[in-house]
Amino acid sequence: MWTVIKNNIQSLAINPVVILMYIIEVPVLLVLIFGTKLEVDNGIVTSLIILGKNWDDIGMFINFILPSFFSLYLLIHSFLYLITTASITHSIVNNTISSIILTKNITRGKYIISQYISYNLFIFLHMLIFGSLMFIILYLKTSVPLLEEIVIPCLYVAILMSSYTMIFSLLGVVIDSETFIAAVGIMLLFFLAYRIENITIEDGLLFNIIKYTLPPIIKFEGYNKFANIESLEYTSDYSLDMFKIGFNLVYILVYISITIFIYRKKDLT
Amino acid sequence: MHEKLIEIKNLSKTYSGKIHALKNVSLDVYSGEVLALIGLNGAGKSTLVKIILQLIWLDSGELVLNNKYFGKNGIRDSVGYLPELFKAPPTMTGYRFLKYMGELSGIPEDDLNNKIKNVCDILDLTKWLNHLTKKYSKGMMLKLGIAQTLLKDYTLYIFDEPTEGLDPMGRKIVRDIIKKLREKGSTIIINSHLLSEIELVADRFAIIHQGEIINIGKVEELLHGKSTYDVITLSDPGLSKWKFFEHNSMWKCSVSTPEELNSLLNDLNNYSVKVHNIIVNTLNLEDLFLQNIFKKNVDCNKK
């Protein structure tokens with residue numbers, strides 16, 4: 001199992017979509033390290049220079065531009081990961097390599113679990129490393145520990161994606177179309193997620209089925225609520241509700257069990 | 001004959017409840033033999049192989065694996081498999097792909113590099129090992145697919161189209177590999193369209209058509225008595241018993257058994273007709289295959 005996980009992580013690290021993420025990340029980190037000058041007094045930013053531009057309206061920057069940028073950044077990551085994880089279907093169902101791997105000493109159940117773990121472990125490590133680098137750079141520049149503001153939102157993306165991968169795995173063994181699955185993911189991310197928490201009995205059976213079959217972590221409140229205090233430490237939308245995460249784990253176990261059950265019976269033509 | 005390695009009894013498989021991929025197929029695979037499954041596209045060869053590999057589940061019938069040859073995991077970890085249209089991940093180098101496959105096969109790290117080197121030397125693939133597989137030609141990709149099956153000694157090898165896209169040298173290498181595997185006592189099942197190629201290596205052939213095995217046996221058994229003879233004379237002998245046709249300013253009569261040939265030659269001798277030439281048309285596997293398919297289609301049409 002570990003061999004499959006290790007190989008998948010290596011392959012994901014050089015996946016073109018993931019490389020696009022590096023291309024977005026590296027300049028952000030470089031600007032933070034070399035292009036940003038911050039003066040902070042008791043957590044309040046008193047002077048801010050980015051790429052030689054002196055920001056007079058620091059409140060505007062801290063309260064609106066920074067969280068907007070960060071939210072957009074996380075949304076882009078979620079979107080790109082969504083495209084990447086949609087390929088999990090192809091890798092387990094429709095691939096000559098899978099048919100070779102399944103003649104080796106690995107069961108179908110273990111193969112599904114390996115695929116699931118590798119995709120999520122990679123996303124988790126990627127987001128953790130990026131979040132930690134941002135945290136360290138800003139901590140060194142400001143002495144303000146922005147753990148909840150930076151690292152936790154990054155981990156939130158990883159947890160969110162674990163739910164998507166789980167749904168994609170299940171859809172993949174049933175429907176076998178990467179494009180369709182990516183479309184479902186995008187629909188969930190951009191349209192349903194905003195509305196799903198507010199679905200009531202009056203919305204009809206279909207919407208209620210969707211509401212209760214989706215794991216709780218997907219029912220987030222959106223990326224567009226910004227900071228409301230005038231300091232670097234702003235209120236994050238991405239707080240990790242431990243009850244939701246625990247409940248999410250139950251969903252993951254159920255979804256993966258159903259996926260394995262179907263996959264074990266599936267003809268790999 | 002060796003022991004039975006795999007026994008297939010009355011196996012049937014239908015896709016989507018409509019397409020009958022296999023109909024009541026029974027087949028024994030013996031240890032140490034090279035069995036070739038031949039048939040047209042969509043005949044059911046790959047389905048049969050995938051059922052043996054347990055990648056596809058049978059609807060009815062029985063698949064029995066001889067426990068003496070297969071471990072506790074059954075077919076898993078006992079088979080080297082080359083799928084049809086094999087394609088390695090494009091972002092991997094040949095070396096990384098083989099290392100991955102070797103690790104999955106449980107080959108110790110120390111042995112693996114030597115194994116990869118040896119196998120790639122045989123297949124003339126060594127100089128391409130550090131290139132990404134997306135740069136591989138069709139032939140090189142196929143060689144890589146064969147290489148991954150040879151990293152470990154398996155009880156059974158299944159090659160689905162192992163020579164398609166290979167140049168003559170590559171085909172010769174694959175034939176030699178198959179012969180060596182057989183000498184070592186392994187069993188090999190080949191699916192192929194290149195009948196002239198597999199005729200050179202296979203011990204037995206099973207002709208599959210529309211999901212049924214329509215003929216099976218050793219090549220010499222299948223072809224025994226299947227030669228035809230053309231007797232050529234310079235003038236029309238005028239014998240009503242034999243049908244002579246004009247052919248390139250000469251006259252030709254075809255017979256299908258040695259007995260008929262003897263009888264014809266006796267008659268010609270009795271009437272003092274000089275025989276210009278006798279041509280023996282040896283039937284090959286391709287002719288036999290086409291005859292079988294044609295006969296089966298005619299039978300189906302009559303029904």
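Just so it is clear, the structure is predicted and the values come from calculations on it, not from any experiment. So that the names make sense, note that chain A is the first sequence line, chain B the second, and so on, each numbered from 1.
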*Asks:* Suppose the criterion is side chain to side chain donor-acceptor pair (under 3.5 Å): which pairs have a residue in residues 18-29 of chain A, not counting sequence neighbours?
*Replies:*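 Sorted result for residues 18-29 of chain A: E25(A)-Y73(A), E25(A)-H77(A), E25(A)-H126(A).
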*Asks:* Give every donor-acceptor pair between chain A and chain B closer than 3.5 Å, one pair per line, or write none.
*Replies:*
{"unit_1": "N7(A)", "atom_1": "O", "unit_2": "R96(B)", "atom_2": "NH2", "d": "3.3"}
{"unit_1": "N7(A)", "atom_1": "OD1", "unit_2": "R96(B)", "atom_2": "NH2", "d": "2.8"}
{"unit_1": "Q10(A)", "atom_1": "OE1", "unit_2": "R96(B)", "atom_2": "NE", "d": "3.2"}
{"unit_1": "Q10(A)", "atom_1": "OE1", "unit_2": "R96(B)", "atom_2": "NH2", "d": "3.3"}
{"unit_1": "S11(A)", "atom_1": "OG", "unit_2": "R96(B)", "atom_2": "NH2", "d": "3.3"}
{"unit_1": "T103(A)", "atom_1": "O", "unit_2": "D77(B)", "atom_2": "N", "d": "2.7"}
{"unit_1": "K104(A)", "atom_1": "NZ", "unit_2": "S105(B)", "atom_2": "OG", "d": "3.3"}
{"unit_1": "K104(A)", "atom_1": "NZ", "unit_2": "Y154(B)", "atom_2": "OH", "d": "3.3"}
{"unit_1": "N105(A)", "atom_1": "OD1", "unit_2": "N73(B)", "atom_2": "ND2", "d": "2.9"}
{"unit_1": "N105(A)", "atom_1": "OD1", "unit_2": "R76(B)", "atom_2": "NH1", "d": "3.4"}
{"unit_1": "R108(A)", "atom_1": "NH2", "unit_2": "Q54(B)", "atom_2": "O", "d": "3.1"}
{"unit_1": "R108(A)", "atom_1": "NH2", "unit_2": "L55(B)", "atom_2": "O", "d": "3.1"}
{"unit_1": "R264(A)", "atom_1": "O", "unit_2": "W57(B)", "atom_2": "NE1", "d": "3.0"}
{"unit_1": "D267(A)", "atom_1": "OD1", "unit_2": "W57(B)", "atom_2": "N", "d": "2.8"}
{"unit_1": "D267(A)", "atom_1": "OD2", "unit_2": "K13(B)", "atom_2": "NZ", "d": "2.6"}
{"unit_1": "L268(A)", "atom_1": "N", "unit_2": "L55(B)", "atom_2": "O", "d": "2.8"}

*Asks:* Examine whether an atom of L55(B) lies under 4.5 Å from a heavy atom of chain A, and if so say whether it belongs to the side chain, the backbone or both; otherwise answer neither.
*Replies:*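 Contact with chain A is through both the backbone and side chain of L55(B).
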*Asks:* Which region of M101(B), side chain (C-beta onward) or backbone (N, CA, C, O), has a non-hydrogen atom less than 4.5 Å from a non-hydrogen atom of chain A, or is it both or neither?
*Replies:*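 When you check distances to chain A, atoms from both the backbone and side chain of M101(B) fall under 4.5 Å.
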*Asks:* With chain A as the partner, which of L85(B), I56(B), L82(B) has the greatest number of non-hydrogen pairs under 4.5 Å?
*Replies:*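 Winner by heavy-atom pair count: I56(B).
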*Asks:* Taking only residues two or more places apart in sequence, or in another chain, which ones meet L29(A) in a side chain to side chain contact (heavy atoms under 4.5 Å, CB included)?
*Replies:*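 Testing L29(A) for side chain to side chain contact (heavy atoms under 4.5 Å, CB included), a comparison that skips the adjacent residues, returns F130(A), L133(A), M134(A), I137(A).
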*Asks:* Check each atom of I158(B) against the heavy atoms of chain A and say whether the ones under 4.5 Å are side chain, backbone, both or neither.
*Replies:*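 Neither part, no heavy atoms under 4.5 Å.
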*Asks:* At a 4.5 Å cut-off on heavy atoms, which part of I106(A) comes close to chain B: side chain, backbone, both, or neither?
*Replies:*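 For I106(A), the contact with chain B is made by the backbone alone.
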*Asks:* Who pairs with F86(B) by ring-ring contact (aromatic ring centres under 6.0 Å, His included), at least two apart in sequence or on another chain?
*Replies:*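 Once residues adjacent in sequence are excluded, the partners of F86(B) under the ring-ring contact (aromatic ring centres under 6.0 Å, His included) criterion are F97(B).
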